[in-house]
Amino acid sequence: MSQKKDTYILGIESSCDETSIAVVKNGTECLANIVSSQIAIHQNYGGVVPEIASREHIKNITIVLEECLKKAHLTMQEIDAIAIAYGPGLIGSLLVGLEAAKTLAYLYNKPLIPVHHIAGHIYANSFVKPLTFPLLALIVSGGHTELVWMKDHFSFQKLGSTLDDAVGECYDKVARVIGLSYPGGPLLDKLAFEGKPTYSLPHPLDDESYNFSFSGLKSAVIHLYHQCEQKGETLRQADLAASFQKVVVETLIKKTKKALQDTGCRNLIIAGGVSANQGLRTAAIELGKELQVEVSIPPLSYCTDNGAMVASAGYYAYCLGRRADLYLNSQSQEELK
Ligand code: KG4
Ligand code: ZN
């Protein structure tokens, strides 16, 4: 009896400040996921410097590829297809990964699979268990905050999104103001557990829509910080972090809860870098218990940008017959598809 052949997808991610390449078997089994982070370099500037990011990707990408294939114990000939996160992201950074993907596809005569960066974040949940539809996805990253309804693979219906700042961006900006280094999200999260939510902050866009707004909250924290400075008062940094995190998590959970109740959906997945947030992870699990909804959150190593999520999404796209030709271009802004 003939056995179904295993499918190995190489996934390439270079949309911001991580050069990452992974090999994933059959969409769910990660054989290697190499992430070369540029955080230490960009920390000197308080944020990502696009030109430096592109140059670092160029320096790192072949080394990351070699390391990945070595770890996966595979050669390029044994790879079935190459998945590339072609957008959205920093255009120069995306181009480096895209050119690498196209070169490999041409050289080894492999299909090229276009993957939207946020689809990659969603499919990172495949490493917990294969996605079950219909599902509601709460997307929380440095560039996106969205509630997305999925009836099937690659069927994305946006229910709501942020009207201004993304939640990760808000974390990073608040962290910078209170003196934490880049990227501030994880540091602010850690600090929040050392404090108490004693500061009163506004709950942004507390309405019946599925949209979010974080710029007002960010301004309120910055205003509070400067007020304390002017009065010569010392700000209780950990208490401020706890107050900020409480409002953010409550806002995200409230809108997610409403969307789950309105749709009657039984599956919730959290996706994007901010899904690493301990406050959000705990609150999402509690929400699942309350509504008897199954909740999936990626393991920490798959929350922030990585090649494995691109390879996993690439596998399902490959099965659907999605292909790109060598004219594929990178896109700094792109609708989820
Ligand atoms: O998904 P991601 O790696 O890149 C984008 O697609 O944007 O997300 C990065 C964002 C950054 O803003 C970072 O500060 C935030 O995710 N982040 C966190 C945590 N870990 C990463 N924010 C809050 N708490 C965390 N533990
Ligand atoms: Zn991302």
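Given the structure is predicted, the values throughout are model-derived calculations rather than measurements. Sequence positions, counted from 1, serve as the residue numbers for this chain. In each ligand, atom 1 is the first atom listed, and ligand 1 is the first ligand listed.
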Check: Once the angle between the rings of His121 and His117 is folded into 0 to 90°, is it parallel (under 30°), tilted (30 to 60°) or perpendicular (over 60°)?
Finding: perpendicular

Check: If you look at Asp305, which of its N/O/S atoms is nearest to the Zn ion (ligand 2)?
Finding: OD1

Note to self: For a quick check: using heavy atoms under 4.0 Å, what are the residues in contact with ligand 1, sorted by chain and number?
What the structure shows: His117, His121, Ser141, Gly142, Gly143, Gly168, Tyr171, Asp172, Pro183, Gly185, Pro186, Asp189, Gly272, Gly273, Val274, Ala276, Asn277, Thr304, Asp305

Item checked: the Zn ion (ligand 2) to nearest N/O/S of Cys16 less than 2.8 Å -> no

Next item on the list: Decide if the gap between the ring center of Phe244 and the ring center of Tyr199 is smaller than 6.0 angstrom.
Entry: no

Check: What heavy-atom pair brings Leu336 and Val148 nearest, and what distance separates the two atoms?
Finding: CD2-CG2, 4.0 Å

Next item on the list: Please report the closest heavy-atom contact between Asn211 and Gly160, naming both atoms and the distance.
Entry: OD1-CA, 3.2 Å

Check: Considering the options Tyr316, Phe133, Tyr123, which one meets the ring pair (Phe, Tyr, Trp, His ring centres under 6.0 Å) requirement together with Phe154?
Finding: Tyr123

Next item on the list: Determine yes or no for a side-chain-to-main-chain donor-acceptor pair under 3.5 angstrom, with Glu169 supplying the side chain and Ala166 the backbone.
Entry: yes

Note to self: Check whether His57 reaches the backbone of Gly92 with its side chain - one donor and one acceptor, N or O, closer than 3.5 Å.
What the structure shows: no

Note to self: Is His117 close enough to the Zn ion (ligand 2) that one of its N, O or S atoms comes in under 2.8 Å?
What the structure shows: yes

